Amino acid sequence: MPEEDSVSKLLRLKRFEQPPPGYFEDFLVEFQARQRAELLRQSPWERFSDWLGGLAPAFEVPKLAYAAIVVCAIGVSAVIMGQPGGQSAVLASHVASAPSLSLSSPSAASIPVGEPLPVALTSTGSPSVHYVLPTRPVSYASSRSF
Amino acid sequence: MEPTETPDNELVARTQAGDARAFDELIVRYSPRLYGLIYNMTSNHEDTNDLLQDVFSKAYRSIRGFQGKSSFYTWLHSIAANMTINFLKKRNRRATMSLDDVDNGIANDPDFISATAEHDPRHQANLSELQKKLNEAMMKLSIEHRTVVTMFDIQGMPHAEIAKILGISEGTVRSRLFYAHRQLQNYLQEFIKS
């Protein structure tokens, strides 16, 4: 008998190596308990990334890749919002509608919160922006009383 | 699969629809076979138990993405083989073998009787000795060679199935088996009759 067949025959004996009796019954119970514990332990983000990973297991997309995509999206949004063009339209409308005031004669009139900032006209007639502190400080407390 | 058993694809569909008990049936069906695969690659009962839990956890989490392009059997075995290979590569240690796990049926196996027959008084082998030698020989193989030997010689899978599970060609499976058998012949000389 070729030696290679003898090797195969010897290896087939390893099929007799089995776990102790009752192992597979206990295995299922242990698996169910572990699943319940995992669900309780997982954060919402982990459950979400597991759900996403389950949709495309063949690609084995790392969980960090999803986080990277979200961070990139937030970053791009922040960049767009930070662009001067993004706020220029807002500033132009404030300049056009604000009454003319100057710092040389500070106005005693209070400026309601939320109103556009006053803009003074220079001698050349072009607007220049001055900042006037509102009389009412910023407060995060609710104005309502209970 | 027994004729009265629910087909795998039906159990998979029910699991995907949210029926956890369908997945339990799949566990009962495949855990013995997967246990054999993982145990013969690791030669350690405790590691096998942990890995088997991890394999079914991963399968459960991923099953919604299973589209049936391969059989569920192939898909599940692929998860088990790859997770075990990754585990062994990370650990990169010699396994501590569990010697108490041998079924009593081996004593009546003709191949065992033949392998341990006292044809030379200087080489009296018993059950533990043979098991120990087999496990030692397997652990001397590289992870890749041990995997194909486990699947082909111990689990009885055909070359084509092994190739699909491991994502390699049939030619690679055959060449790894050839090399592994040569190695094992050297390690197991005393048990191989001429």
Side-chain angles (χ1 to χ4, degrees), chain A residues 1-70, chain B residues 20 24 27-28 31-32 35-36 39-40 43 45 48-49 52-53 56-58 60-67 69 75 79 98 100-107 109 111-112 114-115 130-131 133-135 137-138 149-150 152-156 178 180-182 184-185 188-189 191-194:
Chain A
M1 173 182 300
E3 285 191 353
E4 193 163 321
D5 289 344
S6 299
V7 168
S8 295
K9 278 195 168 182
L10 281 177
L11 289 170
R12 275 198 290 273
L13 293 175
K14 284 181 66 59
R15 294 178 188 177
F16 289 101
E17 292 181 45
Q18 295 289 324
Y23 169 81
F24 293 111
E25 290 77 15
D26 293 341
F27 177 84
L28 180 59
V29 172
E30 186 184 335
F31 177 79
Q32 290 164 342
R34 185 175 138 149
Q35 286 297 103
R36 279 194 293 274
E38 265 186 32
L39 273 174
L40 290 172
R41 211 172 33 235
Q42 271 186 334
S43 67
W45 169 250
E46 283 173 326
R47 281 199 285 270
F48 175 69
S49 62
D50 276 351
W51 176 79
L52 276 178
L55 295 178
F59 296 106
E60 292 291 333
V61 179
K63 290 177 185 176
L64 281 178
Y66 298 114
I69 291 168
V70 170
Chain B
D24 290 347
I27 293 176
V28 170
S31 52
Y35 182 94
Y39 175 75
N40 286 300
S43 290
H45 174 70
T48 301
N49 181 63
L52 198 55
Q53 289 283 345
F56 281 114
S57 286
K58 180 164 185 177
Y60 187 67
R61 287 196 303 270
S62 309
I63 201 164
R64 240 175 298 145
F66 175 70
Q67 295 172 342
K69 290 178 183 172
W75 181 76
I79 292 174
S98 311
D100 299 328
D101 298 334
V102 179
D103 188 278
N104 288 331
I106 192 175
D109 187 272
D111 290 327
F112 168 69
S114 167
L130 177 60
Q131 184 191 6
K133 289 291 183 189
L134 281 170
N135 285 339
M138 284 287 281
V149 166
T150 298
F152 181 76
D153 291 295
I154 302 173
Q155 302 242 293
F178 178 79
H181 281 193
R182 289 281 175 170
L184 291 170
Q185 280 168 27
L188 299 169
Q189 265 309 322
F191 295 101
I192 296 173
K193 285 182 163 184
S194 57

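Letters A, B, ... are given to chains in the order of the sequence lines, protein chains preceding strands, and every chain is numbered from 1. A quick note: this is a predicted structure, and the numbers were derived from the prediction, not measured.
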Exercise for review: Indicate the atoms forming the closest heavy-atom contact of A:Ser8 with B:His181, along with that distance.
Suggested key: OG-CE1, 3.5 Å
Revision key, fill the gap. Cut-off 4.5 Å, heavy atoms of chain A, and the answer for B:Ile154 is both
Review point. What part of A:Arg34 lies closer than 4.5 angstrom to a heavy atom of chain B: side chain, backbone, both or neither?
Key: side chain
Check your understanding: Are B:Ser57 and A:Gln35 close enough that a side-chain donor and a side-chain acceptor fall under 3.5 Å?
Key -> yes
Revision key, fill the gap. Of all heavy-atom pairs linking B:Tyr39 and B:His45, the shortest is CE1-N, 4.0 Å
Exercise for review: Determine the interplanar angle of the A:Tyr23 and A:Phe27 rings, folded into 0 to 90°, and report it as parallel if under 30°, tilted if 30 to 60°, perpendicular if over 60°.
Suggested key: tilted
Revision key, fill the gap. Pair count under 4.5 Å, heavy atoms only, with chain A: among B:Leu188, B:Leu184, B:Val149, B:Leu134, highest is B:Leu134
Exercise for review: Heavy atoms only, distances under 4.5 angstrom: which of B:Ile79, B:Thr150, B:Asp24 has the most pairs with chain A? Name it, please.
Suggested key: B:Asp24
Exercise for review: Tell me, for A:Phe24 versus chain B, whether the close heavy atoms (under 4.5 Å) come from the side chain, the backbone, both or neither.
Suggested key: side chain
Review point. So which of A:Glu30, A:Gln32, A:Glu25, A:Glu38 has the biggest tally of heavy-atom pairs under 4.5 Å with chain B?
Key: A:Glu30
Check your understanding: Judged by atom type as modelled, is there a donor-acceptor pair below 3.5 Å linking the side chain of B:Gln67 to the main-chain atoms of B:Arg64?
Key -> no
